[in-house]
Structures are given as C-alpha cells and as structure tokens.
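Handing you this structure, nothing more for now.
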Amino acid sequence: MTQQPEPASYPPADDRLKHLLAQEINLSVDTWKLAFWIADGIVKSPEIRAELERIAAAHATGLPCGDRHCRRCFEAQFATEETTR
C-alpha cells in the first residue's frame, strides 16, 4: 500500500496567521487583496510579533497574559474574584 499524500489544508500551516487575519479583515473591506495586504502588514509588525510572543510565553508558563481580550485569562480572573468575595 502506498501512502496517500495529505490533502492541502486551508489556511496553509506556514502562513496561517496571515490567512486567518485576512479572513476577518475581509469582512470589513471591499477586496480579498486589500484584506491580505493589511494582514501581511500586521503579521510582519515587530511590535505585534513581540506581543504575540509575550502572550504565548505567559500562557506556556501558566500565567495570565493580562490581555483584556484573552477569554481564558479573563475567565480565570473572574473566577478568582468570585471565589474571594
């Protein structure tokens, strides 16, 4: 039996973040090309990359990241506040 190649997945693993961002941006702009261009700029931003790495490092060590839009950390903080009341 020969091994069948895995089907191509979307978004591609090597560019997943840019594609996911472009999909969300595309809801608010006129063209996919514009959404993809904006997403490319976001992904290449050193400040955004540094923030993503900071959040990932906090999560990897089990610490809250402190970002108000992080559902996991927000729910954990809310649960802690509820138990201390």
Side-chain angles (χ1 to χ4, degrees):
M1 282 185 116
T2 60
Q3 188 83 337
Q4 294 288 350
E6 301 242 350
S9 65
Y10 184 85
D14 65 340
D15 213 11
R16 185 172 170 77
L17 180 59
K18 182 167 62 171
H19 282 261
L20 292 173
L21 287 168
Q23 287 176 4
E24 287 297 315
I25 294 165
N26 196 40
L27 299 173
S28 302
V29 299
D30 293 333
T31 68
W32 172 252
K33 187 175 181 178
L34 176 59
F36 210 67
W37 181 77
I38 293 168
D40 187 59
I42 292 169
V43 170
K44 290 179 179 175
S45 166
E47 294 85 9
I48 292 172
R49 279 294 196 192
E51 182 62 7
L52 288 172
E53 289 173 13
R54 184 195 67 76
I55 290 170
H59 288 174
T61 60
L63 298 172
C65 67
D67 188 286
R68 74 177 76 201
H69 302 288
C70 177
R71 184 175 178 167
R72 183 177 96 182
C73 293
F74 178 79
E75 288 174 351
Q77 179 182 359
F78 185 72
T80 303
E81 288 176 4
E82 286 295 315
T83 59
T84 59
R85 289 184 186 184

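Small disclaimer: the values here were computed from a predicted structure and weren't measured.
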Smallest separation among heavy atoms of Pro64 and Ala58, with atom names: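 Looks like O-CB, 4.0 Å.
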
Any pair counted as side-chain hydrogen bond (donor to acceptor under 3.5 Å, both in side chains), so long as it reaches residues 42-51, sequence neighbours left out: Asp40-Lys44, Ser45-Glu47, Glu51-Arg54

Taking Ile55 as the starting point, is it possible to reach Leu17 by hopping between hydrophobic residues whose side chains are less than 4.5 Å apart?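 Each belongs to a different hydrophobic cluster.
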
Under the criterion side chain to side chain contact (heavy atoms under 4.5 Å, CB included), which of Asp15, Leu20, Leu21 is the partner of Val43?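 The passing option is Leu21.
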
What are the two closest heavy atoms between Ala22 and Ala39, and how far apart are they?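 It is N-CB, 3.6 Å.
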
ring-ring contact (aromatic ring centres under 6.0 Å, His included) partners of residues 37-77, not counting sequence neighbours, each pair once: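 Output for this query is empty, none listed.
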
Please, which pairs that meet side-chain hydrogen bond (donor to acceptor under 3.5 Å, both in side chains) have at least one residue in residues 19-34, sequence neighbours excluded?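 As it turns out, the side-chain hydrogen bond (donor to acceptor under 3.5 Å, both in side chains) pairs with a partner in residues 19-34, which skip direct neighbours, are Tyr10-His19.
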
Taking Leu34 as the starting point, is it possible to reach Phe36 by hopping between hydrophobic residues whose side chains are less than 4.5 Å apart? no

